[in-house]
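Have a look at the structure below, then the notes.
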Amino acid sequence: MKRTIIKDTVNHIGSTVTVSGWVHSVRKHGKIAFLDLRDRSGLIQAVDLTGKAVEKVGNEYAVEVTGLIKKRPEKMVNPKIITGTVEMEIRELTVYSKSLEPPFPLDDDGYRINEETRIKYRYLDLRRQRMLDNLLLRSRVTTYIRNYLTGRDFIEVETPILTKTTPEGARDFIVPSRLQPGNFYALPQSPQQYKQLLMVAGLEKYFQIARCFRDEDPRHDRAYGEFTQLDIEMSFVQQEDILNLTEGLFTEMVGKLFPEKHISQKPWPRLAHRDVLKKYGSDKPDLRRDRKDKNELAFAWIIDFPLFKEQSQDDFFYGSGRAKFAPSHHMFTAPHPEDILLLKTDPLKVRGQQHDLVLNGYEVGGGSVRIHEPQIQEQVFDLIGFTKEQKAQFEHLLTAFKYGVPPHGGIAPGIDRFLMTVLGEPSLREVMAFPTLSSGQTSVLDAPSPVTEAQLAELGIAIRAGKKKSKKAHG
Ligand code: ASP
């Protein structure tokens, strides 16, 4: 039997059609019963005149229903559902599979439900309309980005997940090697080094919808574990070109995909780091004119960041204790050409060619023009206190840069961050299909979890006494 998608039933008045989906709700009125049926496209009300069909079903059963589509009388029209002008008179109902009663309601926004329970049953949580809408929009956003950039000669390239650390100021996730026991891969904190290598390779315009992994202490606007960013890199460009490309992409995309939103200021304001700190006390100011307006998007560029900040405890990766400076963005960011001499005399005064993309008080992206002169890279390594061994870890990049490296730069707007901000969601997890909680607990699949002694032995790994945490039951 040919399946009709529920939203299309309105085009079949007077015909008998078959729909497939889930039982959204059941209401009995004496002998007659009303079933709301749901598929991804929406709901339809189905009437069971005999009371027989309803005997077979419960909430969230997966069913196939054949019935006659009838126009509803004017006063019975339900504007709240997509098929509100019709209803279906059930002729036949087949149960594909039964459902237990879900552990929480699916017909509300879900914000009040305990989040551990929501992610344990994420496949049910994603049935709620709000979550489905978020995933649909996310897919539209990434499709829009792909079309926009490939239409402008960008090449999409995937870079490795098993790699060597790309230090971006967070702790790495490490993966033990079986073939080389005692050695480890790191999951990339971003594809930073690869995208620069792709510029040496001559790709000129690269992008990737990239997964990044950072083992950092969670905050509501930082996902624990992994997140997704639009990673971009371009050759033979200046900062201006990177800003214009990004601004063009986001402005056009907001207009097309979020027509109810309005951007407060076009072109986006460009503000110097020092000035915003002075004026707003923050380097990610919320520039909305009216904070009560949920459709206002205040984009801004923050530029002229200092290249370095004073090193602190958090900068454990760099030469903690050995040097005074840590990069404010990352160690590949180029100094402002006018400030090169200050590298020797007054490093804290050097401006970096960094740009942050700020939206409604959130930093939704950052990037920079990169260093492409090996001697300047070396100078930066020294200033952040790199030892010989640490420098040796970046030998590959310095070597690559000896083979005709073009001037290059890029940016990486966060996809989850952008969506969270535009949709006004309270956390990044609301725009991710299977997020990880701040406790490190993953959705549905119960990770992290122990591995067998045999697996450990193969890797040459023993767990230190006292380090083994017994696994607490999920949920
Ligand atoms: N790798 C940087 C980040 O993930 C972005 C960039 O410099 O392009 O924040």
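Nothing fancy with the numbering, it's 1 onward along the sequence. Only this structure's heavy atoms are used, side chains among them; waters, hydrogens and symmetry mates stay out. For ligands, and for the atoms within them, numbers begin at 1 and follow the listed sequence. For clarity, every value in this text was computed on a predicted model and none was experimentally measured.
- Residue contacts with ligand 1, taken as heavy atom pairs separated by less than 4.0 Å, involve Arg370 solely via side-chain atoms from C-beta onward.
- Contact atoms of ligand 1 toward Gly366: 5 (C), 6 (C), 8 (O) (distance under 4.0 Å to a heavy atom of the residue).
- Within the listing of ligand 1, atoms 4 (O) sit less than 4.0 angstrom from a heavy atom of Gln229.
- Judged by the 6.0 Å distance and 45° axis criteria, Arg127 is not positioned over the aromatic ring of Tyr123.
- Under the 6.0 Å distance and 45° angle rule, Arg152 does not count as a cation-pi partner of Phe207.
- Those atoms of ligand 1 that come under 4.0 Å of a heavy atom in Ile411, given as number and element, are 8 (O).
- Under the side-chain hydrogen bond (donor to acceptor under 3.5 Å, both in side chains) test applied with Glu233, the options Lys205, Gln208, Arg370 reduce to a single match, Arg370.
- Atom 3 (C) of ligand 1 has as its closest protein heavy atom Glu168 OE1, 3.4 Å.
- Looking at Arg214 next to ligand 1, an N or O pair under 3.5 Å apart turns up.
- Those atoms of ligand 1 with a heavy atom of Ala412 less than 4.0 angstrom away are 5 (C), 8 (O).
- Atoms of ligand 1 lying under 4.0 Å from at least one heavy atom of Ser190, given by number and element, are 1 (N), 4 (O).
- No side-chain heavy atom of Pro407 sits less than 4.5 Å from a side-chain heavy atom of Val369.
- The atoms of ligand 1 that sit less than 4.0 Å from any heavy atom of Gly367 are 6 (C), 7 (O), 8 (O).
- Side-chain contact of Gln354 with His273: a donor-acceptor pair under 3.5 Å is absent, judged by distance alone.
- Between Gln189 and ligand 1, no N or O atom pair is found at a separation short of 3.5 Å.
- In this structure, His330 is part of the shell of residues with a heavy atom less than 4.0 angstrom from ligand 1.
- Under 4.0 Å from ligand 1, not a single heavy atom of Thr333 appears.
- The protein heavy-atom contact nearest to atom 1 (N) of ligand 1 is Gln192 OE1, 2.7 Å.
- Annotation for ligand 1: atoms under 4.0 Å from non-hydrogen atoms of Lys195 are 6 (C), 8 (O).
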